[in-house]
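Working notes for the structure below.
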Amino acid sequence: MPELPEVETTLRGISAHILNTTITRVNIRNPKLRWPVPASLPDYLLQSQFSTIQRRAKYLLLSCESGTLIIHLGMSGSLRIVSVNESYDKHEHFELCFANGKALRLKDPRRFGAVLWTTEPVTQYPLLQHLGPEPLSSDFNPDYLFKHSRARKVSIKQFIMDSKVVVGIGNIYANEALFASGINPKRAAGRISKARYEKLCAASKTILRQAIKQGGTSLKDFTGGDGKPGYFKQELLVYGRKNQPCTQCGHNLKEIRLNNRSTVYCTQCQK
DNA sequence: CAGCGCCCCTGCCCGC
DNA sequence: TGCGGGCAGGGGCGCT
């Protein structure tokens, strides 16, 4: 669920509720996430307030005076705002309660997500310091892609899903962006022309912007509990459409595994 | 360093 | 209807 647009929407959705209100409780209901949730979190967080909440890649960064809480949603994580006395869902593993009567809850059935703490500037935190540019920033541009791909033999799909190259392009968007730009996902990144990188770059930005625009709807579905943003599926032209006709040429779409991830494309339209 | 496979974990869907 | 196998939107890590 948490594609970059949903992380962005989550950020926008939670901020107003939990900024500048005192943290009154820290409940680590199950510390076993991707990495153990630090048991010392209450020492840092209790009685302090978040002054800023930002996103870098798919990491949410909640900063207070003493440091920054880092939250990643992994494959199945979601955050929601509830009243402090609301009963828990089965997989709500982490909770912060606030003086304004609200609570922030992390629900994550697969527990691939993470809740971490750093006192360093976030740009120096190990998990964040080698990340590539944000896909919607001007640093992500055709020249950058062309230059950094020259010696690379990996497939273009793996290349754009590599967070050292660019962050936030997950499996769905990689499939969609490659279809939109007519590039075969298997093609070596180093053997793609500047002109084609121009198309790919523009398509990636357009698709991500479009999805962010619809993120509100997605979040509503999401907090509603079923976790399947139905509106979103309608926009997908290749992902999840194996053996269905290409919207461009009618030829049936093909599915392969690339880097052990589902990869769907049109053998006629993507060369 | 580049590239690749593995793995963390639960839920769900499919075929038998 | 029960059960086993495979697969899922992420991404760090360890090995070659």
Side-chain angles (χ1 to χ4, degrees), chain A residues 1-10 29-37 55-60 70-79 89-94 106-116 125-132 135 148-179 185-191 204 207-208 211-212 214-215 218-219 221-222 225-243 255-264:
Chain A
M1 291 131 268
E3 291 288 323
L4 181 99
E6 289 199 14
V7 178
E8 181 66 29
T9 307
T10 297
R29 305 186 69 236
N30 182 354
K32 294 181 194 164
L33 300 184
R34 173 91 201 248
W35 294 279
V37 178
R55 177 188 63 74
R56 173 71 173 111
K58 292 173 185 166
Y59 294 93
L60 288 168
I70 301 172
I71 299 179
H72 195 285
L73 301 177
M75 289 273 258
S76 60
S78 62
L79 287 170
D89 283 351
K90 184 177 174 189
H91 295 293
E92 287 182 332
H93 305 309
F94 178 76
L106 171 68
K107 176 179 173 177
D108 187 2
R110 290 177 75 180
R111 292 190 275 117
F112 289 176
V115 176
L116 300 164
Y125 192 74
L127 291 178
L128 302 182
Q129 66 177 336
H130 299 298
L131 293 177
H148 285 264
S149 62
R150 285 312 83 186
R152 299 297 300 275
K153 294 180 176 171
V154 283
S155 71
I156 183 59
K157 180 158 179 271
Q158 283 176 258
F159 184 68
I160 59 170
M161 288 180 70
D162 180 349
S163 63
K164 291 195 287 301
V165 175
V166 55
V167 301
I169 302 186
N171 197 36
I172 290 178
Y173 293 117
N175 280 297
E176 296 298 316
L178 289 166
F179 175 72
K186 286 188 291 189
R187 180 169 289 276
R191 301 201 50 233
S204 304
I207 291 168
L208 285 170
I212 288 172
Q214 300 177 354
S218 168
L219 189 68
D221 289 353
F222 198 57
D226 71 351
K228 293 253 179 186
Y231 79 97
F232 199 58
K233 256 189 165 164
Q234 296 173 354
E235 312 280 325
L236 301 177
L237 301 183
V238 285
Y239 185 83
R241 295 195 65 243
K242 166 175 100 164
N243 296 334
E255 181 177 57
I256 58 170
R257 309 290 299 177
L258 220 42
N259 200 27
N260 208 27
R261 292 196 178 261
S262 161
T263 303
V264 186

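No hydrogens, no waters, no symmetry mates; every other heavy atom, side chains included, goes into these values.
- Here A/Y59 lies in heavy-atom contact (under 4.0 Å) with sugar-phosphate atoms only.
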Run the side-chain contact (heavy atoms from CB on, under 4.5 Å) test on A/V167 and A/R56 for me, step by step, so that the C-alpha distance in whole Å, both residues' side-chain angles and the decisive distance to 0.1 Å come before the verdict. CA-CA 8 Å; A/V167 301; A/R56 173 71 173 111; 3.8 Å; yes
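- Contact check, A/Q158 against B/dG3: no side-chain N or O comes under 4.0 Å of OP1 or OP2.
- Between C/dG9 and A/Y239, a contact under 4.0 Å exists linking OP1 or OP2 to a side-chain N or O.
- When each of C/dC7, C/dG10, C/dG9 is scored by its nearest atom to the side-chain atoms of A/E6, the top-ranked nucleotide is C/dG9.
- At the heavy-atom level, A/K164 lies nowhere under 4.0 Å from the strands shown.
- Looking at the side chain of A/H72, the nearest of the listed nucleotides C/dC7, C/dG9, C/dG11 is C/dG11.
- When the P atom of C/dG9 is taken as reference, atom CG of A/L236 falls 12 Å away, rounded to whole Å.
- At whole-Å resolution of the value, NZ in A/K32 and P in B/dC9 are 9 Å apart.
- In this structure, A/R152 reaches the sugar-phosphate backbone alone: every heavy-atom distance under 4.0 Å involves primed, P, OP1 or OP2 atoms, never a base.
- Residues A/K32 and A/H93 are not in side-chain contact: their nearest non-hydrogen atoms beyond the backbone lie 4.5 Å or more apart.
- Helical stems in DNA chain C, defined as runs of 3 or more consecutive Watson-Crick or G-U wobble pairs with both donor-acceptor distances under 3.5 Å, are listed by first residue as B:2-8 with C:10-16, B:10-16 with C:2-8.
- Within 4.0 Å of A/K153, counting heavy atoms only, lie sugar-phosphate atoms of the nucleic acid but no base atom.
- Between A/K90 and B/dG11 there is a side-chain polar atom (N or O) within less than 4.0 angstrom of OP1 or OP2.
- A sub-4.0 Å separation between OP1 or OP2 of C/dG9 and a side-chain N or O of A/N171 is present.
- At the phosphate of B/dC9, neither OP1 nor OP2 sits under 4.0 Å from any side-chain N or O atom of A/R34.
- Here C/dG11 presents its C1' atom at 13 Å from CG of A/N260, a figure rounded to the nearest Å.
- Contact check, A/H91 against B/dC9: no side-chain N or O comes under 4.0 Å of OP1 or OP2.
- A salt bridge between A/E8 and A/R55 is present, with a side-chain N of the basic residue lying under 4.0 Å from a carboxylate O of the acidic one.
- What you find for A/R110 and A/S76 is that their closest heavy atoms are N-OG, 2.9 Å.
- Under 4.0 angstrom from either OP1 or OP2 of B/dC7 there lies no side-chain N or O belonging to A/R111.
- The ring of A/F112 does not lie on top of the base of C/dG11; it is either too far (5.5 Å or more) or too tilted (30° or more).
- Residue contacts shown for A/L33 are absent, as no nucleic acid heavy atom lies under 4.0 Å away.
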Does the pair A/E255 and A/S262 meet the rule for a side-chain hydrogen bond (donor to acceptor under 3.5 Å, both in side chains), with working shown? CA-CA 7 Å; A/E255 181 177 57; A/S262 161; 2.7 Å; yes
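- The one candidate from A/V115, A/T10, A/I70 that meets the side-chain contact (heavy atoms from CB on, under 4.5 Å) condition with A/L60 is A/T10.
- In this structure, of C/dG9, C/dC7, B/dG5, it is C/dG9 that holds the atom nearest to the side chain of A/R261.
- Contact between the side-chain N/O atoms of A/R110 and the OP1/OP2 oxygens of C/dG10 is not found at any separation under 4.0 Å.
- Residue A/K58 has a polar side-chain atom (N or O) positioned under 4.0 Å from OP1 or OP2 of C/dG11.
- Ranking C/dG9, C/dG12, C/dG11 by closeness to the A/M75 side chain, first place goes to C/dG9.
- Atom CD in A/E255 sits roughly 10 Å away from atom C1' in C/dC7 (whole-Å rounding).
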